[in-house]
Amino acid sequence: MYKKIKRLVVFFILITLFTVTIPSKGYSNIKASPKDELVTLANQEYKYINEKYYSGIRYSGSYYAPWCCYFVTYCAKKAGISKSIIPNNIGNCDTLYNTLINNCGAKVVKKPQKGDLVFYKVAGNDFLHVGIMTSSTMSIQGNYSHTVKKMKATDYICGRPYTIVYVRPAYIDIPKNLKVTKDTSVSKGVKVSWDNVSGAYAYKVTVKSPSTSEISYYTKNNYIVKSIKNIYEEYSYSVTAYKYNGTKKVYGSKSDTFKYIRDKLESPKTVSIESDESSSQSVKITWSPVKGASGYHVTIKSKISGDEKITFNTTSTSALKKIKYNYAEYKYIVKAYKTYNTKKYYGNYKSEYFAKKVLPKPENLQISGDESYENGVKISWNSVKDASGYFVVIKSSTIPEDIISFYTTKTSAVKELYYQYTNYTYSVQAYKSLGELKCLGDKSVLVR
């Protein structure tokens, strides 16, 4: 009697516990309006604190300071809202209210909406508490019962009579759809354009590159055309809308940063590699010329050995190089460069894979039943010249977890399958050993 081996397939269900990540960047990566982003940040803080008792040190930096104001200004800063619209790091409600109204262009409103601030004024004209409106009725408030609380704005309890005052910050939307394109109306010209922002008086356009200091331009249009110093260098462009509060400029938040190279070199259209017979390990790389290039940077990387890497520059469109492993596949990367003021500026790259020698696929792959096991199969194939061994994979056609893979120096193997009535895909590749490395050849495949 043949020994019966039972296999148990166990499936694990992994439960991932999600932790709220509090954003740390401003509007350079944000598409929402400032007021929407303020509410989003407040909601994330609410989930983070989860209505547990909290000292407020996250917002105020102190275990003892009242922190309702700090909560509001913290959320505004994390949302990327300009401090000229909602000031940063203010811990006193009177100071926050007066700064918003007198310096930041905010207005008192009777009908609140999402993104407004709600202040609570007690006898003696003192502002005692503040929160963020998430709708026309609901709010999120920091330091309410020593936690972050979601509540109706009218449900605030402080033990003293109070008046509710709603304040609407002078939000300025972020310029959207920033684009930078080449412009030939001026020498070395670029055109920066964006969507108009409702209520904006004008725009500040900021331009910077690694070799130049930041330059700002001001315009009432939703575009500018300017010359740049180096057409081969990457420049960063951003736009900020602003309006006036009396004689003072009130800035919104920056747009997405757009990075652009005016005259970036194209990649070579073709890269080809072929075996060269001048030596047993030589390859010849050729590529198409790139208009405007001063030269080319070539990288040759082994796919099996991270330590083997060849790099060089050349002004030619071909090169002859020796590689270490004939049977290994290498990645050949070519990119053009332009020399300008003694510095090289690189274009896009083109790459190809190539192995000087590739073991052919094993012929005559056969599958048959084998009685050594209950669900036994025998896999056999013809030998491959110069092969060190073979890599075999048996994979179920219906169950992704059901995979058997192994190396062998023989030309046959007997294995037990999990399931008798399921189709399996069998693949065999010859390999060449190069020390501890294995270079795989072409694959034979059979489905049964």
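Under the salt bridge (charged side-chain N to carboxylate O under 4.0 Å, His left out) criterion, K149 pairs with E51, not counting sequence neighbours. Residues satisfying the ring-ring contact (aromatic ring centres under 6.0 Å, His included) criterion with Y340, sequence neighbours excluded, are Y232. By the side chain to side chain donor-acceptor pair (under 3.5 Å) test, D276 pairs with S278, sequence neighbours left out. Residues that satisfy the side chain to side chain donor-acceptor pair (under 3.5 Å) test with Q366, not counting sequence neighbours, are N364. Taking the side chain to side chain donor-acceptor pair (under 3.5 Å) definition, one finds that N43 meets it with K150, sequence neighbours left out. Checked against side-chain contact (heavy atoms from CB on, under 4.5 Å), K208 has the following partners two or more places apart in sequence or in another chain: E214. Checked against side chain to side chain donor-acceptor pair (under 3.5 Å), N326 has no partners two or more places apart in sequence or in another chain. Y203 pairs by the ring-ring contact (aromatic ring centres under 6.0 Å, His included) definition with W194, not counting sequence neighbours. Scored by the ring-ring contact (aromatic ring centres under 6.0 Å, His included) test, Y144 finds Y156 as partners (sequence neighbours excluded). Residues forming a ring-ring contact (aromatic ring centres under 6.0 Å, His included) with Y166 (at least two apart in sequence, or on another chain): none.
To the nearest 0.5 Å, atoms CD1 (I215) and OG (S209) are separated by 8.0 Å. A distance of 4.0 Å separates NZ of K114 from CG of D36, quoted to the nearest 0.5 Å. Atom CD1 of I49 sits about 12.0 Å away from atom CD1 of I140, to the nearest 0.5 Å. The CD atom of E233 sits 10.0 Å away from the CG atom of N341 when rounded to the nearest 0.5 Å. We find the NZ-OG distance between K415 and S372 to be 12.0 Å, quoted to the nearest 0.5 Å. R168 contributes atom CZ, which lies 4.0 Å from atom CG of D116 (distance to the nearest 0.5 angstrom).
Of all the heavy atoms in I333 and S351, the pair that sits closest is CG1-CB, 4.0 Å. When all heavy atoms of K410 and Y390 are compared, the pair lying nearest together is O-CD1, 3.2 Å. Listed here is the closest heavy atom pair of S294 and T315: O-CG2, 3.7 Å. Pairing each heavy atom of A319 with each of W287, the nearest pair is N-CZ3, 4.1 Å. Nearest heavy-atom pair across I85 and G252 is CD1-CA, 3.8 Å. Here the closest heavy-atom approach between residue T257 and residue S238 is recorded as OG1-CB, 4.3 Å.
A side-chain donor from one of S139 and Q141 sits under 3.5 Å from a side-chain acceptor of the other. Between the side chains of Q113 and S136, no donor N or O sits under 3.5 Å from an acceptor N or O. Using modelled atom types and a 3.5 Å distance limit, the side chains of S272 and T286 yield a donor-acceptor pair. Defined by atom type and a distance below 3.5 Å, a donor-acceptor pair is present between the side-chain atoms of S82 and S84. Y70 and N143 share no side-chain donor-acceptor pair at under 3.5 Å.
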Derivation of the side chain to side chain contact (heavy atoms under 4.5 Å, CB included) call for S267 and Y349: CA-CA 5 Å; S267 62; Y349 70 86; 5.7 Å; no
Check step by step if side chain to side chain contact (heavy atoms under 4.5 Å, CB included) holds for V118 and I164. CA-CA 7 Å; V118 53; I164 295 179; 3.6 Å; yes
Test side-chain hydrogen bond (donor to acceptor under 3.5 Å, both in side chains) applied to N89 and Y74, step by step: CA-CA 7 Å; N89 203 34; Y74 174 95; over 6 Å; no
Report the C-alpha distance between Y251 and Y242 in whole Å, list the side-chain angles of each, state the deciding distance to 0.1 Å, and finish with yes or no for ring pair (Phe, Tyr, Trp, His ring centres under 6.0 Å). CA-CA 4 Å; Y251 286 93; Y242 68 88; 5.2 Å; yes
Between Y235 and K259, does the side chain to side chain contact (heavy atoms under 4.5 Å, CB included) criterion hold? Intermediate values first, please. CA-CA 6 Å; Y235 282 73; K259 295 186 176 182; over 6 Å; no
Test side chain to side chain contact (heavy atoms under 4.5 Å, CB included) on V358 and D442; report intermediate values, then the result. CA-CA 7 Å; V358 180; D442 290 336; 3.6 Å; yes
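Side-chain contact between T311 and V298 is absent, with no heavy atoms from C-beta onward closer than 4.5 Å. Looking at D386 and K432, their side chains come closer than 4.5 Å, going by heavy atoms from C-beta outward. The shortest distance between side-chain heavy atoms of I394 and L417 falls below 4.5 Å. V428 has its side chain within reach of V392: a pair of non-hydrogen atoms, C-beta onward, lies under 4.5 Å apart. Between I379 and L365, some side-chain heavy-atom pair lies under the 4.5 Å cut-off. For the pair P360 and V384, the minimum side-chain heavy-atom distance is below 4.5 Å. Side-chain contact check for Y217 versus V192: every heavy-atom pair is 4.5 Å or farther apart. With contacts defined as side-chain heavy-atom distances shorter than 4.5 Å, the pair L96/T73 qualifies.
Applying the salt bridge (charged side-chain N to carboxylate O under 4.0 Å, His left out) test to residues at least two apart or on different chains, none of the pairs has a partner in residues 332-358. Residue pairs satisfying the ring-ring contact (aromatic ring centres under 6.0 Å, His included) criterion with at least one member in residues 421-444, sequence neighbours excluded, are listed as follows: Y407-Y431.
Crowding of E266 atom CD: a count of heavy atoms from other residues, nucleotides or ligands under 6.0 Å not exceeding 12. Heavy atoms of other residues, nucleotides or ligands lying less than 6.0 angstrom from NZ of K361 number 12 at most.
Aromatic pair Y346/H297: centroids less than 6.0 angstrom apart.
Between K176 and D256, no side-chain nitrogen of the basic residue sits less than 4.0 Å from a carboxylate oxygen of the acidic one, so the salt-bridge criterion is not met. Classification of D402 and K395 as a salt-bridged pair fails, no side-chain N sitting under 4.0 Å from a carboxylate O.
Taking the ring centre of Y327 as origin, the terminal cationic atom of K438 falls outside the region bounded by 6.0 Å and 45° from the ring axis. In this structure, R58 is not positioned above the aromatic face of F71 in the sense of NZ or CZ being under 6.0 Å from the six-membered ring centre and within 45° of the axis.
In this pair, Y59 and W67 present their aromatic rings parallel. The plane angle is below 30°, not in the 30 to 60° band.
Among the candidates K303, E308, K301, the single residue satisfying the side chain to side chain donor-acceptor pair (under 3.5 Å) test with Y330 is E308.
Under a 3.5 Å cut-off, the side chain of Y345 and the backbone N or O of I231 do not form any donor-acceptor pair.
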